[in-house]
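These notes concern the structure reproduced below.
Atom set for the values below is all heavy atoms of this structure, side chains included, hydrogens, waters and symmetry mates excluded. In what follows, every chain begins at residue 1, and chains take the letters A, B, ... in the order their sequences are listed.
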2 protein chains.
Amino acid sequence: MYSPRVGRTSDARNKILEAAKQLIEQRGYSALGVAEICAAAGVPKGSFYYFFESKQALALTVIDEHWVAQRAQWEAVLGTDRDPLRRLRELFEATEEVQRVAQRRSGVVVGCMFGNLALELSNQHPEIRERLQAIFDAQIDLIEAVVTQAKDLGEAGGAVDSRGAARSIVAQIEGRVLLAKLLNDPAQLDTLWRDCLDLLQVPTNSRTLVN
Amino acid sequence: MYSPRVGRTSDARNKILEAAKQLIEQRGYSALGVAEICAAAGVPKGSFYYFFESKQALALTVIDEHWVAQRAQWEAVLGTDRDPLRRLRELFEATEEVQRVAQRRSGVVVGCMFGNLALELSNQHPEIRERLQAIFDAQIDLIEAVVTQAKDLGEAGGAVDSRGAARSIVAQIEGRVLLAKLLNDPAQLDTLWRDCLDLLQVPTNSRTLVN
DNA sequence: GGAGAATACATGACCGGTCGTCTAGCGTCT
DNA sequence: AGACGCTAGACGACCGGTCATGTATTCTCC
């Protein structure tokens, strides 16, 4: 077993992060104990506060890392040179697939970690709220850019406000994910595409083009 | 069948329910302690378990009572003989007003209690999940009826699926309420009307009629 | 109308357990 | 020997929940 001489000699931090990510997704923040995280990570509890300042600091790190990964995924899907509406549709499909995979692995639809924590903690932990605000703002930015392109191509209704529509789409995603989690049914997400077409006021006769 | 009222009578149960409703709205379920609820209600902790079997049983009661009240409000707004779209619009305005009032009183947008608890508890407490599923189902029913009427009047697009559209509207409400809570800004809700018109595919030229 | 009996509620000490957090010190390396 | 990476174990506070005991109110029966 090779271990580098300098820097960390333990992967405990990563194991904690990995376990915490899954547990927070499944059980939220308040109902989750540090001991449980450490047990799931196979790391002694005494080590926790060597790697993290506090439970809240861990949550912030988990949030940040999860957003880095998700943003990369969103950018990969939304940043192609395909048709803008097509890109949005693929985002929805990817979102649903994520929930299906999570359900297969853990038995439950975990929903959106950011949405979950937003409702649970935004009124209790200002730092977490700020982080989540920034994340949702960035999500809206990413979608707004694609909506603008769709408008420029005449695919979206000329009357739609790009940013407003992007916010509506994000809200629609969050609302649908809530229903999917409540019903433990990822299929709740496969109306996102149709909803999106409505919110973007895409004319009925041009919808089959991207279908 | 009469029930003799032997012994004392107390309003402690109602005081607990009242306090619990506000605290659950503001701080969620897991982060809330029985002792804190009792302190806020001005009831000794020992009395709590005389009136409620458990903390979870209290939550179920709070959920039920809150839904009874909210359903009455929804029915009052949606059950009039006014124009269907007009009724939907008033529902959105009432929703926003509820959040404004809560914000004035407690300083924070509390969001939707059912949505909050759905994301926090649906994967932890099956009984609560069932209750919340039934509530959202009933909400969708209430809106579906109005959407159907709007369709019959030709106000909504003929291609819309009433139940699907109702679900989309509920999802949109929940998503917007999430953003309103995260940003502590009830104004996030005043695009609900426009979103609803989009989701119902109401023709642009006929929108001013109800505006 | 007065005396119990029965019921309805009040109360706070207390239980085992878990919470997030911290510190003293272990083992391993230079 | 000294520094460093790591961890065992304990800390006080608090968790949801229990219980013995006390008091207030209304019942029945005379």
### Summary
Contacts of A:F52 meeting ring-ring contact (aromatic ring centres under 6.0 Å, His included) (sequence neighbours excluded), chain-then-number -> A:F48
### Query
Under the salt bridge (charged side-chain N to carboxylate O under 4.0 Å, His left out) rule, what pairs show up with a residue in residues 178-193 of chain A, not counting sequence neighbours?
none
### Query
Is it true that B:E93 and B:R100 make a salt bridge, defined as a side-chain N closer than 4.0 Å to a carboxylate O?
no
Tabulate below the donor-acceptor pairs under 3.5 Å that side-chain atoms of residues 63-75 of chain B make, not counting sequence neighbours, or state none.
unit_1: B:D64; atom_1: OD1; unit_2: B:R131; atom_2: NE; d: 3.0
unit_1: B:D64; atom_1: OD2; unit_2: B:R131; atom_2: NE; d: 3.2
unit_1: B:D64; atom_1: OD2; unit_2: B:R131; atom_2: NH2; d: 2.9

### Message
So, using side chain to side chain contact (heavy atoms under 4.5 Å, CB included) as the criterion, who are the partners of B:S47 when residues are at least two apart?
### Response
B:V43, B:P44, B:F51
#### Entry: Qualifying ring-ring contact (aromatic ring centres under 6.0 Å, His included) pairs, either residue in residues 164-192 of chain B, two or more places apart
none
### Query
What residues form a ring-ring contact (aromatic ring centres under 6.0 Å, His included) with A:F136, not counting sequence neighbours?
none
### Spacing between A:N14 atom CG and D:dC6 atom P, to the nearest angstrom
12 Å
### Task
Give, ordered by number, those residues of residues 37-60 of chain B having at least one heavy-atom distance below 4.0 Å to an atom of DNA chain C; if nothing qualifies, reply none.
B:P44, B:G46, B:S47, B:Y50, B:F51
### Message
Can you list everything that forms a side chain to side chain donor-acceptor pair (under 3.5 Å) with A:Q172? Sequence neighbours excluded, please.
### Response
A:D195
### Query
Listed by chain and number, what are the side chain to side chain donor-acceptor pair (under 3.5 Å) partners of A:D141, not counting sequence neighbours?
A:R163
Compile the donor-acceptor pairs under 3.5 Å between side chains in residues 110-119 of chain B and protein atoms, sequence neighbours left out, one pair per line.
unit_1: B:N116; atom_1: ND2; unit_2: B:V110; atom_2: O; d: 3.0
unit_1: B:N116; atom_1: ND2; unit_2: B:C112; atom_2: O; d: 3.3

Might you list the N or O atoms of the protein lying below 3.5 Å from N or O atoms in nucleotides 25-27 of chain C, with each pair's distance?
none

### Those residues of residues 17-35 of chain B lying under 4.0 Å from DNA chain C by at least one heavy atom
none
